[in-house]
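Every chain is numbered from 1 and lettered A, B, ... according to where its sequence line falls, protein lines coming before strand lines.
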2 protein chains.
Amino acid sequence: MAPRSTQILEAAARLIARRGVRGLRVEELAAEAGVSTGLIYYHFKDRTGILRQTLEFINDRAERYTTGGAEDAEPLAPREELEAVLLLELQDTPVVRENSSAWGELRASAVFDEVLRDDLARATLVWVQEVAALLGQVRPTAPAPALAAAGERLTALLEGLSMRWLSGGLRIDRARDLMRGAIDAELALLREK
Amino acid sequence: MAPRSTQILEAAARLIARRGVRGLRVEELAAEAGVSTGLIYYHFKDRTGILRQTLEFINDRAERYTTGGAEDAEPLAPREELEAVLLLELQDTPVVRENSSAWGELRASAVFDEVLRDDLARATLVWVQEVAALLGQVRPTAPAPALAAAGERLTALLEGLSMRWLSGGLRIDRARDLMRGAIDAELALLREK
DNA sequence: GTCTATAATGTGATAGAC
DNA sequence: GTCTATCACATTATAGAC
């Protein structure tokens with residue numbers, strides 16, 4: 001992608017995280033990106049185009065920091081890796097907060113805006129399957145449907161906890177503890193099967 | 001509360017469920033409620049006032065259909081009652097859809113709007129404690145902190161599943177199955193303690 | 001590709017009659 | 001308490017120069 005587009009999308013992610021999808025103003029985005037409004041419409045057609053491509057951009061970036069960084073460190077044990085992946089999204093750092101916040105906003109918008117639904121569903125599926133695969137490494141004898149269900153629950157829970165965290169109703173440490181507990185609970189259930 | 005206010009709040013809940021908080025237009029609300037815009041500002045001061053009181057209204061209503069209806073039916077076993085309470089919010093009926101949708105929207109808005117945070121936190125706490133109490137009836141020997149954590153997770157999961165359901169990424173039957181599975185998982189974990 | 005206007009419309013909020 | 005009329009401004013989007 002052209003550097004200018006990327007620059008605008010970075011600004012959009014930043015702004016959505018700060019003001020929300022509903023609070024995103026094209027003029028403000030232009031200022032944040034250091035370009036004119038005209039240029040934004042040149043690159044993205046309309047406001048919806050901005051949102052769509054920002055969602056895509058955020059997904060790519062999350063994938064990068066999910067997968068990335070695994071090369072230098074020693075490989076983790078399955079259980080530890082599972083926990084690491086799920087706790088990755090529950091960190092109070094600028095980038096993660098930005099991604100989580102924007103993701104939550106886009107998810108919430110999708111309730112009323114069909115445009116984003118497909119992208120969202122696709123990204124969610126990939127994520128669920130990744131978690132299910134990791135669960136399978138911890139519980140090799142567990143049946144696939146049970147793993148899929150657990151993956152779906154853990155990721156949905158993560159979204160729920162993330163939202164409470166971002167809306168100020170839950171401290172990040174508490175959110176992380178709860179997430180760890182959920183992993184314990186799911187693994188306890190999978191052991192019984 | 002005056003009947004007129006209630007009438008407007010009902011319309012607001014309906015409209016927020018249909019268009020979202022970000023899509024709520026005062027003029028449209030007036031039309032939906034069958035009153036003038038002036039009257040709305042007379043009763044609610046400003047747009048934020050509408051949102052706050054609608055949140056309150058929704059909470060009250062949810063409490064009513066959560067607690068209500070328990071008189072006529074025979075008392076359920078603890079496990080069944082727990083399941084019933086949690087599945088209550090995962091039904092594809094107009095009222096529940098409306099409540100869940102509006103609740104999710106208000107939660108999402110709170111990420112960027114502090115005004116709603118306190119009300120939201122208070123309502124969440126009540127809900128978490130209710131679920132924790134029910135869990136305690138199923139697992140009388142479980143320690144209180146473990147029950148509280150499980151309650152927090154189950155309610156957060158419900159919000160996450162609800163969002164996916166409403167945004168079209170999850171069928172309601174599947175969501176209900178996943179919720180039941182989560183209850184199993186939490187109860188399995190509590191048994192170990 | 002990028003910018004500077006500016007058109008066109010949407011939207012919250014208020015004044016004042018009844 | 002309720003309505004009508006309207007202001008003031010915010011916001012998306014486009015036209016046309018460079």
- Hey, which sits more toward the 5' end of DNA chain D by its nearest nucleotide, A:D46 or B:G34? B:G34

- Message: Counting only side-chain nitrogens and oxygens, does B:R47 get under 4.0 Å of the OP1 or OP2 atom of C:dA13?
- Response: no

- Message: Measure CZ/B:F44 against P/C:dT14 and give the value in whole Å, please.
- Response: 16 Å

- Item | Value in whole Å for how far the P atom of C:dT11 lies from CD1 of B:I40 | 15 Å

- Among the nucleotides D:dA13, C:dG12, C:dT2, which one has an atom lying closest to any side-chain atom of A:T37? D:dA13

- Mind calculating the distance between CG (B:L15) and P (C:dT11) to the nearest angstrom? 12 Å

- Message: Quick check: do B:Y42 and B:L39 have side-chain heavy atoms less than 4.5 Å from each other?
- Response: yes

- Task: Would you classify A:L24 as touching base, sugar-phosphate or nothing, given that sugar-phosphate means primed atoms plus P, OP1 and OP2, and contacts are heavy atoms under 4.0 Å?
- Result: sugar-phosphate

- Query: Once you round it to whole Å, what is the distance between P of D:dA15 and CG of A:L39?
  - Reply: 17 Å

- If you count the non-hydrogen atoms of other residues, nucleotides and ligands that lie under 6.0 Å from CZ in B:R52, is the total more than 12? no

- Message: With a 4.0 Å limit, can you tell me whether A:Y41 has a side-chain N or O closer than that to the phosphate oxygens OP1/OP2 of D:dA13?
- Response: yes

- Nearest whole angstrom, please: distance from the P of C:dG10 to the CZ of A:R22. 21 Å

- Message: Looking at B:R164, is its backbone amide N or carbonyl O close enough to the side chain of A:R107 to form a donor-acceptor pair, meaning the two atoms are under 3.5 Å apart?
- Response: no

- Given the rule in the side chain to side chain contact (heavy atoms under 4.5 Å, CB included) test, do A:M179 and A:R176 qualify, once you have shown the distances and angles that lead to the verdict? CA-CA 5 Å; A:M179 193 72 232; A:R176 291 171 66 90; 5.5 Å; no

- Message: Counting only side-chain heavy atoms from C-beta out, which of C:dA13, D:dT12, D:dT2 sits nearest to B:H43?
- Response: D:dT2

- Message: From the set C:dG12, D:dT2, D:dT12, return the single nucleotide nearest to any side-chain atom of B:S36.
- Response: D:dT2

- Ranking D:dT2, D:dT14, C:dA13 by distance to the side chain of B:Y42, first place goes to D:dT2

- Nearest-Å distance for atom pair CD1/C1', residues B:I8 and D:dT2: 10 Å

- Query: Yes or no on side chain to side chain contact (heavy atoms under 4.5 Å, CB included) for B:R25 and B:R19, after CA distance, side-chain angles and deciding distance?
  - Reply: CA-CA 9 Å; B:R25 303 285 163 253; B:R19 298 238 192 282; over 6 Å; no

- Which listed nucleotide (C:dG12, C:dC3, D:dT12) is nearest to the side chain of A:V26? D:dT12

- Message: Whether B:R25 contacts C:dG12 is assessed here as follows: a side-chain N or O lying under 4.0 Å from the phosphate OP1 or OP2. Is that the case?
- Response: yes

